[in-house]
Colleague: 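Have a look at the structure that comes next, please.
Remember, predicted model here, so these are calculated numbers, not experimental data. The sequence lines fix the lettering, A, B, ..., with proteins before strands; numbering per chain opens at 1.
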Amino acid sequence: MMTQYVHQPSFMTGDEFSIETFCLLNPDGELYEGAEEPALTREHARKLYQAMLATRILDERMMAAQRQGRLSFYMQCTGEEAAVVGAAAALDDADMIMAQYREQGALMYRGFSIDEFMNQLFGNELDYGKGRQMPIHYGSRKLHYMTISSPLATQIPQATGYAYGQKLAGEGHCTLTFFGEGAASEGDFHAALNMASVHQVPVIFFCRNNGYAISTPSTEQFAADGIAPRAFGYHMHVIRVDGNDALAVYEATRQARKIAVEQNQPVLIEAMSYRLAAHSSSDDPSGYRAKSEEEAWRVKDPLLRMQRWLAKKGWWSDEEEATQQETLRREVLETMKRAEKRPPPPLESLISDVYADVTPALQRQLDQLKRHIRRYPEAYPRGAKSLDLTLSSATDSQGEA
Amino acid sequence: MMTQYVHQPSFMTGDEFSIETFCLLNPDGELYEGAEEPALTREHARKLYQAMLATRILDERMMAAQRQGRLSFYMQCTGEEAAVVGAAAALDDADMIMAQYREQGALMYRGFSIDEFMNQLFGNELDYGKGRQMPIHYGSRKLHYMTISSPLATQIPQATGYAYGQKLAGEGHCTLTFFGEGAASEGDFHAALNMASVHQVPVIFFCRNNGYAISTPSTEQFAADGIAPRAFGYHMHVIRVDGNDALAVYEATRQARKIAVEQNQPVLIEAMSYRLAAHSSSDDPSGYRAKSEEEAWRVKDPLLRMQRWLAKKGWWSDEEEATQQETLRREVLETMKRAEKRPPPPLESLISDVYADVTPALQRQLDQLKRHIRRYPEAYPRGAKSLDLTLSSATDSQGEA
Amino acid sequence: MATMNMLQAINNALDIAMAEDEKVICFGEDVGIFGGVFRATSHLQEKYGKARCFNTPLVEQGIIGFANGLAAQGSVAVAEIQFADYIFPAFDQIVNETAKFRYRSGDLFNVGGLTIRTPYGGGISGGLYHSQSPEAYFTHTPGLKVVVPRNPYQAKGLLLAAIRDPDPVLFLEPKRLYRAAVGEVPEEDYQLPIGEAEVIKEGTDITLVGWGAQMEVISKAAELAEEQGIACEVIDLRSLLPWDVDTVAESVFKTGRMIVSHEAPLTGGFAGEIAATIQERCFLYLESPITRVTGLDTPFPLVLEKEYLPDHLKIFEAIRESVNF
Amino acid sequence: MATMNMLQAINNALDIAMAEDEKVICFGEDVGIFGGVFRATSHLQEKYGKARCFNTPLVEQGIIGFANGLAAQGSVAVAEIQFADYIFPAFDQIVNETAKFRYRSGDLFNVGGLTIRTPYGGGISGGLYHSQSPEAYFTHTPGLKVVVPRNPYQAKGLLLAAIRDPDPVLFLEPKRLYRAAVGEVPEEDYQLPIGEAEVIKEGTDITLVGWGAQMEVISKAAELAEEQGIACEVIDLRSLLPWDVDTVAESVFKTGRMIVSHEAPLTGGFAGEIAATIQERCFLYLESPITRVTGLDTPFPLVLEKEYLPDHLKIFEAIRESVNF
Ligand SMILES: Cc1ncc(C[n+]2csc(CCOP(=O)(O)OP(=O)(O)O)c2C)c(N)n1
Ligand SMILES: Cc1ncc(C[n+]2csc(CCOP(=O)(O)OP(=O)(O)O)c2C)c(N)n1
Ligand SMILES: [Mg+2]
Ligand SMILES: [Mg+2]
């Protein structure tokens, strides 16, 4: 880039240009004038919508279950289903997804079963994560969905590294990483985008700008017009998209993927949306935002918009909607009942996977723990169960050998 | 900011706009056409140039001293004197400067004496830093120059915090922080700029883009057109300036300071320059860059340019140049001789300043060390000297009590 | 006196510090209008304004970098890290900067005005990333002070002392006790000493050492032991850096036995430091090996948290073994 | 066999690993054409291309974040951190991510392919920020392995083992010995075991334990002691996590005395872990307290570095005191 020389000092701020928002469907599910429908088959479009719907229903049910005390913790994707499912639908199923935590819709789209969701949520013996992480920390190797990690933004430079490996492997795959506008404040964000652009890595940075990081509104998170203008600092392709418009998200991501995979260039996507629900089951938004603000966004519900578009195409009907909802609710409830009854992971899971092989020192720690639990089985019902100890049996009373 | 909606997806990259470089003087020291001379008095302009010259000479001499083995380590500002001195000259002397390590010119401008430089370089008993840090880690409380810290970029968010305190204090001061284009890759850079813009902090981020971070050329450091476009990610005022043009740097910084102090807004300045010398005395650039590249920059020497301008104004003469050089060289050499002969800081300096008050545990550790040194004074000449032990005296031979 | 839980005591301490000195500034993720995810900073923004109590962007390295600069400028910075598990992005700013600021500048500059508050510890079904006890990562860092309160009264007095201490303090708050620990707390201003342990129960047979939430567990184990006729001396270190070797050593001279307990993994945990120091100081007095009762050498688990944690029964068993050695 | 210094041995190990497996990728600040500031990666870019050996931008948290992702993908990532003093910006990626990757995913994903190389230690007039020995910050982190070689032969064999180990390894290189330590090194491929200590000198009176550059100092102290008729057993841990308790305990059963030495500050250093473990294992065999000879509890100094460092004389004095206890 050749710079031009000037002799009058002048400061820029970013107000010199503007970043537009790409959208295809209006809230009524109609194409805007001049908008082109993406080449989505009926099957594909239905699959996309169904994943959004399933996510919505899973979230509603599980939040209710959390309120009933059946689950320790939950986080909803509500309001952002178009953003996450639309993005997932534009990828190859073998592309890696590295998400933050609020993107269960993408996993749903890829075919994670309700059973699989439940096993993680209840941390039972079938949970792939062996009951070690809090609810919603899903992962699936076969679905190319990296296990969620709580520390924010750490997955962003990891996505750059993962995609670098994919580039060297030369199989035409890329990585998409989701993160919130809050997480984008972390140092890891800067590291990730800069390294991706310098090393020409096929990675898509997908920012869900949902207006809040817990209680912190985006006005206290950054001063600029969103996250998008940061791309200029890396000479990176960027597009801003209406995150409540599944079609636009799909199309933006599809094109981003082409750039990533064909040109080995990273792309930043900023999806504008809103976190309709509380941050998590531990949060109460009434302490920091107005109900009216929530209401204003509720009318932009991404599910309604997509459903209307499908209905207009004759690809979805009210009856189908009703049956699907009904079926999904039932499935969630039944699966939940099964999952919560399953036993926890075995005691051995306390020490496995710390290293590829259990070290002798860890084995000794576990053996000691087992002896202790045998002494006090009532105090460790889960451990005792795993050791097949009968709890009511004559065990040492406290303090007697 | 109201976003515009569009219905055709289009990606931006930063190529849509360009960031110009502000300069006033051409390499011959003449004002460009249309350029306005900043309102610098003769005294001020001479002071600015003299600090540049003194820095150049200090650097030459000390690098030579390092080669002679008199000094363990050294780093030159060579090639970047206009950038650092020009910036310092545009500040109020009570504004805080938080530098990286290559900005001794700013300290020279503020009046750090050659004695003070030498005491730090030799880590003698008069070094404010008590001989604890490597050469060039200067600091001065009275000159509002924060002690240099080796870990890169840590001073950038610190500058944001410092300036926030200045804003609350309400005395109209700001902080300027210097850093290299390499250090700007650190996560701390992103944190600092974002927090400064969100919290409206009077801080000037001054990036010396000198083309290299040790051996890493800026093309392997970032993919964008320099550091300046990152400002758009924070809606921050930004200006790019010819870093070899002291007048332009002065003027850009002067205006930046006005924005910072009057509007409580951070500003990013990117000064384009070149690291004419090796990274440090431990480095040999011939392993990673062509001599011809260095030569091309040598003709843009910032000292020459400033000197020519001054000469044209009748504010500086060849004779003055010669005498000044001569005087400075002599002063450096004489001061060096004094400084290297001074004793090291006392043994107590090993444990002081870890905490505000020496803890009993540390005092015990020191007492034990003293006993040990008394046993083996020859092995610890500095410690022994500090304890006033005569080295040639009859001391325990090894292993005898 | 008022009845307060630990959060209220902390909030009250912050309130007193901010009212007294306008240089005191509180900030961190969600600490503003919302008052922090645990509500430790409730109403402070309302009372003292947005300039003195505010939300930061979500960037721990920035929070502490900013705090270092602010403290260097002369303000009294009280930074919150939302969970101790998220303090690691700020590790460089804490370990390389905060801790070495005064030393490296020869006392030209210091960040003594800085206090970092952060909730730590398990027992809340938080899994790997909402349960860690990272104290040992910081106790190896000269220049820092590390303080951990065990109840509301301690929390208020120690936090006020930390804020006013001339050195930077990492103040670890046992979040399991935030609402669970309730007690009488003076409404007025008071400070408790940093660097001094407290013997909270005297005994002659064995010394039990811990800090923070673990004191509750240790005290329960001491009661069990008491029932068996074993008289435990229970010591709350309160301050881990510097720590009160003399008080602990005095006790071990008397009892000849010691157990140290913490939730963090065994290897490299702070109990190792205590054991190493005491075996040297009290070598000829020890009647049995010093025992550590700690978490396993694994990340913090979730479903099997109860099994992982060093509870009163594990400590009680260790007491028996030590006494019967 | 060839005569190599430690840098050449490391370079040679990297060369062998890259030649053998094209999934091995080396990167870090200045490691490309320049071959690293110490030249440990010399000629690797030339030989294996820019895609497999390259400069990164100057961002340690990014280097390790990138490395974690690359390793998770199945590549064998060998990341260099230019100085161990600059590893702290990557602390979160190492401690919260690298170390917990396999565990938290139930082994769905792992970063076992990752090796982090970094030069550590003092004795080079580097002051606070070019001298630190940060091992204890990592030995408290289950999921990591921590390895430190003492000479060129060890460096090559251990580095090859680290790169091929199924777990992430932090490989600390004693930079004082980079050029100073020269020795015979097989030119072919070989590995030395991770997790096993080496008894490098047998003796009956006292056990001396250390790692890395400190082994030279310890051996010198052992020679001094030998002149006084004290037979020292010298053990190089080589691997700090996991560490070989059995070999050390066996030795102490025999000698009844132990000294552990490291450059890092005393409080919270890894010597504390060793002392705590051994006093428990060998309680009835100990004839004198376990002693730690370490750096002071201060940041690393510059001008008074000699006074600060735990040198052969300090260790020798500790040996005498221990034996005369
Ligand atoms: C490093 C780190 N700091 C803090 C937290 C606590 N935390 C969890 S979610 C969250 C807000 C994230 O906001 P955003 O990235 O916008 O995502 P959203 O919840 O809006 O989807 C915070 C502060 C964390 N998990 N990790
Ligand atoms: C956190 C950290 N990482 C690495 C280093 C080692 N290092 C010292 S200077 C330097 C290059 C800095 O380049 P730049 O910021 O462009 O400044 P310049 O030397 O060009 O003035 C590096 C990598 C360091 N000091 N701190
Ligand atoms: Mg958000
Ligand atoms: Mg540079």
Colleague: Going through the checks in order, is the side chain to side chain contact (heavy atoms under 4.5 Å, CB included) test met by A:His199 and B:Glu220?
Modeller: CA-CA 8 Å; A:His199 295 297; B:Glu220 298 181 18; over 6 Å; no
Colleague: Can you name the nearest heavy-atom pair linking A:Thr219 to B:Val198, along with the distance?
Modeller: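 Looks like O-CG1, 4.4 Å.
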Colleague: For each of A:Ala191, A:Ser10, A:Ala231, A:Gly226, tally heavy-atom pairs with chain B at distances under 4.5 Å, and name the one with the top tally.
Modeller: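 Most heavy-atom pairs within the cutoff with chain B belong to A:Ser10.
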Colleague: What residues of residues 236-256 of chain A make heavy-atom contacts with chain B at a cutoff under 4.5 angstrom?
Modeller: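 Only A:Met236, A:His237, A:Val238, A:Ile239, A:Arg240, A:Glu251, A:Ala252, A:Gln255, A:Ala256 of residues 236-256 of chain A have a heavy atom under 4.5 Å from chain B.
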Colleague: So what's closer than 4.5 Å to chain A heavy atoms on B:Ile227: side chain, backbone, both or neither?
Modeller: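 For B:Ile227, no heavy atom lies under 4.5 Å from chain A.
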Colleague: Parallel, tilted or perpendicular: which fits the ring planes of A:Phe232 and B:Phe232, with parallel below 30° and perpendicular above 60°?
Modeller: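 Plane angle over 60°, so perpendicular.
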Colleague: Does any backbone or side-chain atom of A:Ala196 lie under 4.5 Å from a heavy atom of chain B? Answer side chain, backbone, both or neither.
Modeller: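 For A:Ala196, no heavy atom lies under 4.5 Å from chain B.
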Colleague: How close do B:Asn194 and A:Ser185 get, heavy atom to heavy atom, and via which atoms?
Modeller: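 Taking every non-hydrogen atom into account, ND2-OG, 3.4 Å.
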Colleague: Does A:Gln8 use its side chain to pair, donor to acceptor, with the backbone of B:Glu36 at less than 3.5 Å?
Modeller: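 The answer is no, because no donor-acceptor pair under 3.5 Å joins these two groups.
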Colleague: When rounded to the nearest 0.5 angstrom, what distance separates CE in B:Met195 from CD in A:Gln221?
Modeller: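 The distance works out to 10.0 Å.
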Colleague: Looking only at the aromatic ring of each residue, does the gap between the centers of A:Tyr5 and B:Phe22 stay below 6.0 angstrom?
Modeller: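 No; A:Tyr5 has its ring centre 6.0 Å or more from that of B:Phe22.
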Colleague: Does any heavy atom of chain A fall under 4.5 Å from the side chain of B:Glu16, the backbone, both, or neither of them?
Modeller: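 For B:Glu16, the side chain is the part near chain A, not the backbone.
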Colleague: How long is the straight-line distance from CG of B:Leu268 back to OG1 of A:Thr13, given to the nearest 0.5 Å?
Modeller: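 Reported value, rounded in 0.5 Å steps: 12.5 Å.
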Colleague: Tell me, for B:Phe222 versus chain A, whether the close heavy atoms (under 4.5 Å) come from the side chain, the backbone, both or neither.
Modeller: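 Backbone plus side chain of B:Phe222, per the 4.5 Å heavy-atom cut-off to chain A.
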Colleague: Can you tell which of B:Phe17, B:Tyr234, B:Phe189 has the highest number of heavy-atom pairs within less than 4.5 Å of chain A?
Modeller: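 Counting heavy-atom pairs under 4.5 Å, the top option is B:Phe17.
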Colleague: Examine whether an atom of B:Glu33 lies under 4.5 Å from a heavy atom of chain A, and if so say whether it belongs to the side chain, the backbone or both; otherwise answer neither.
Modeller: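 Backbone only.
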Colleague: Does the side chain of B:Thr21 reach to within under 4.5 Å of the side chain of A:Gln4, using non-hydrogen atoms?
Modeller: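 Contact flag for B:Thr21/A:Gln4 side chains = no.
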Colleague: Can you tell which part of A:Ile269 gets under 4.5 Å to a heavy atom of chain B, answering side chain, backbone, both or neither?
Modeller: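 Answer is neither: A:Ile269 stays 4.5 Å or more from chain B.
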Colleague: Do you know which of B:Arg230, B:His190, B:Gln200 has the most heavy-atom pairs under 4.5 Å to chain A?
Modeller: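 Max contact count across the listed options: B:His190.
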Colleague: Take B:His235 and A:Asp15 through the side chain to side chain contact (heavy atoms under 4.5 Å, CB included) test and state the conclusion after the steps.
Modeller: CA-CA 8 Å; B:His235 196 259; A:Asp15 286 341; 2.8 Å; yes
Colleague: Rounded to the nearest 0.5 Å, what separates atom NE2 in B:His7 from atom SG in A:Cys23?
Modeller: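 So the gap between those two atoms works out to 5.0 Å.
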Colleague: Top residue by heavy-atom pair count (under 4.5 Å) with chain B, among A:Pro9, A:Pro229, A:Gly233, A:Ala35?
Modeller: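 The answer is A:Pro9.
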Colleague: Just wondering, are more than 12 heavy atoms of other shown residues or ligands nearer than 6.0 Å to NZ in B:Lys258?
Modeller: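 No - once you tally the heavy atoms of other residues, nucleotides and ligands closer than 6.0 Å, there are 12 at most.
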